[in-house]
Protein chains: 2
Amino acid sequence: MSKGRVTVIDIAHAAGVSKSTVSLVLQGSPLVNEATRAKVNAVIRELGYVYNRGAANLRQAKSKIVGIVVNDLTNSFLAELAVGVDMVVQSAGYVQFLSNTGESIDRQREVVASMREHGISGLIVSPARGTDAADFKPLTNAGIPVMIVVRNIPGAKVSSLVSDNFAGASAAVEHLAGLGHRRIAFMGGFANTAVFAERLGGYRDALAKAGIAFDDELVVATAPSRAGGVEAVGRAMLLAHKPTAALCFNDAVAFGVCDGLRARRLEPGVDFAVVGFDDVIEAESAVPALTTISVDPQGMGRRAAQLLLKQINSGKVEAEAIVSAVRLVVRQSSGTALDATARRAVS
Amino acid sequence: MSKGRVTVIDIAHAAGVSKSTVSLVLQGSPLVNEATRAKVNAVIRELGYVYNRGAANLRQAKSKIVGIVVNDLTNSFLAELAVGVDMVVQSAGYVQFLSNTGESIDRQREVVASMREHGISGLIVSPARGTDAADFKPLTNAGIPVMIVVRNIPGAKVSSLVSDNFAGASAAVEHLAGLGHRRIAFMGGFANTAVFAERLGGYRDALAKAGIAFDDELVVATAPSRAGGVEAVGRAMLLAHKPTAALCFNDAVAFGVCDGLRARRLEPGVDFAVVGFDDVIEAESAVPALTTISVDPQGMGRRAAQLLLKQINSGKVEAEAIVSAVRLVVRQSSGTALDATARRAVS
DNA sequence: ACGATTATTTGGAACGTTCCAAACGTTGTC
DNA sequence: GACAACGTTTGGAACGTTCCAAATAATCGT
């Protein structure tokens, strides 16, 4: 009774049954008689019993816990993704460890190890920059499914879910070219990342398809942040032959670009077309509303979680790499078609 | 060996010692001889042993897990706070369950219950709107410290850490009044929340101190979001006697207000002064840089976690309510002092 | 060489659950 | 009345660790 925790034995005692029976009730087994089930449940409520999942996990090796580690939770794209994961994880009766690595490989290794000791039965990770393909080997060897999201790690033999960066960038450029732009910049992002390379690839491909020559002056790499956007537009405007439009590495950069344009008395969507990437929530309500590539991070999170849970339940560890479709959302920041004079002045 | 998991017994067997000794090594006890410690550690590494915290927790009731539940993780203020918590929790060797409630009281109850079953030894919660003071009673009764952050719940007998909303709002208004503004609006936020009431209180107090009459036309409540800010400025500009400055409920609202001003061809920081609240990261790099009340959410998160860990370790459950100091950060969006003509035109 | 310390090591017995095989109590069938 | 068949219940024996009390080994002073 007052000797600490209320246990299944206390319940059994108070209800006049055995601990085994109580256990059966707890797991909703159909074997147990309705009357005793009711009795047991009543006692459970009365004594304020709380189930000890730790003890249960010790016996049966299926833990109802997943881990999720992200490289930067303050990035609203990733926060959104985490929320998506949370939704399905929660409704499946699971609970999640969540940790932030802040791009630190060491922290990442630590938290993954710690989560493993705590018995996670699956892991979703948006890896820190520089994560090695072999880093998740121990997990998968132990039969714990791992799902890499957002950033791909070439050579890693785990499942992955990334957005279609190539197609997205390509669609954006096609849109801008269709409006009459010829000098289209690519702004923001660190050049040595896989995501950057994919988006740049789409940009170049669409440029070629539109018959526009690639000019590497027009790709200006900066930090993938709002401040980076401001910097990028500053650098681009120093060029002799200035751009009239920009595809930005992500929405944060795009907002920074808008800020920078305004600081130069140029109105985004009127004097200069800007397109973002990600479609974060603020993109819609910003002024001007941001034309961007919708990636639906929350949806990605949900999908990743569903896939992970599927793998956990089926006990299969075979990796599948899936790319999530994206779509262009045209809003105001890309403006309307350039008129004849503007087009002539530009080209 | 191949019979599944490597356990402490396997290690003991392979190292030629008893399981007790291995256990001692695991917890870094000074009792064990250096030579055998080295031997055991070698075997541990060799066999790829992973510690089973679940089993350990079963024996000793101190779990190294804390829970954190927030009402809206997509709010960058809360994401930032979560990161702060994560930092100290992580370095203390703990790991955290994190869940998002999306303002749903039901979800909140569910996740808290679930976390409890998983044996958290402490909880940090930014409660969903409408959380009852009694909701955390079971936790505290069980000796599990609970710390409420950001939103206060009157009457709850648990620790809390909220920012000094009154003083912050007051400082902002004082600043605006000092610049010569007499028509200062209060924009955004839901009127039926404690935080709103506190900030509005500070606003009114400073107004009185500056000898400015309170005009309830000038408090325009909207959703505490960017879109809400746009709406607020729209409504305020319909007034016969328009404001020349605004204290916004939070930074998101402030950004919306800037958007709305621009849509009306007014430049924030030049034609109209705007002050935010929270000092989210974007506040500094936005254009114009936002004058705001710095709350340092990450610092709050760190502090909350430290307090919680202290309570966990000392085993004391007595509640302490602390308010975190805030400071005014003057940037460009509040502009410079109104000149004589402008002041005359306004008053 | 012998107790007395001190430094190490070690068998159980927990912790709270689940699972298995076996037992129990009915009822129905021949 | 014995047997089978069912529906329901139940004692252990796990799971992987920590803790305690006690055993053993090493060191020392005399």
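First the proteins, then the strands, lettered A, B, ... as listed; each starts at 1. Only this structure's heavy atoms are used, side chains among them; waters, hydrogens and symmetry mates stay out.
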If the cut-off is 4.0 Å, is [X] near the phosphate of [N], judged by side-chain N/O to OP1 or OP2?
X	N	answer
B:T21	C:dT10	yes
B:S23	D:dC19	no
A:T36	D:dT9	yes

Rounded to whole Å, please give me the gap between [atom1] in [X] and [atom2] in [N].
X	N	atom1	atom2	value
B:E117	C:dG16	CD	P	15 Å
A:R53	C:dT18	CZ	C1'	14 Å
A:Q27	C:dG16	CD	P	18 Å
B:L24	D:dT17	CG	P	14 Å
A:L58	D:dA13	CG	C1'	13 Å
B:N57	C:dA14	CG	C1'	15 Å
B:K19	D:dT18	NZ	C1'	10 Å
B:R5	D:dC15	CZ	C1'	10 Å

Classify the side-chain pair [X]/[Y] by whether it contains a donor and acceptor separated by less than 3.5 Å.
X	Y	answer
A:D106	A:S104	no
A:N71	A:T101	no
A:Q96	A:D86	yes
B:R109	B:S114	no

(request) For B:T7, report the nucleic acid contact type (base, sugar-phosphate, nothing); a contact means any heavy atom under 4.0 Å. (result)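 Answer is sugar-phosphate: B:T7 comes under 4.0 Å of backbone atoms only.
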
(message) For B:N33 and A:L26, find the nucleotide of DNA chain C closest to each by heavy atoms; which residue's nucleotide sits nearer the 5' end?
(response)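 Residue closer to the 5' terminus by nearest nucleotide: B:N33.
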
Would you mind telling me which of [options] lies closest to the side-chain atoms of [X]?
X	options	answer
B:S18	D:dT18, D:dG16, C:dT10	C:dT10
A:L31	D:dT8, C:dT18, C:dG16	D:dT8
B:R59	D:dT18, C:dT10, D:dG12	D:dT18
A:Q60	D:dT17, C:dT17, C:dC19	C:dC19
A:A55	C:dT9, C:dT17, D:dG16	C:dT17

(message) Closer than 3.5 angstrom, by distance alone: can the side chain of A:N152 be matched with the main-chain N or O of A:P154 as a donor-acceptor pair?
(response)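 A pair under 3.5 Å: no.
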
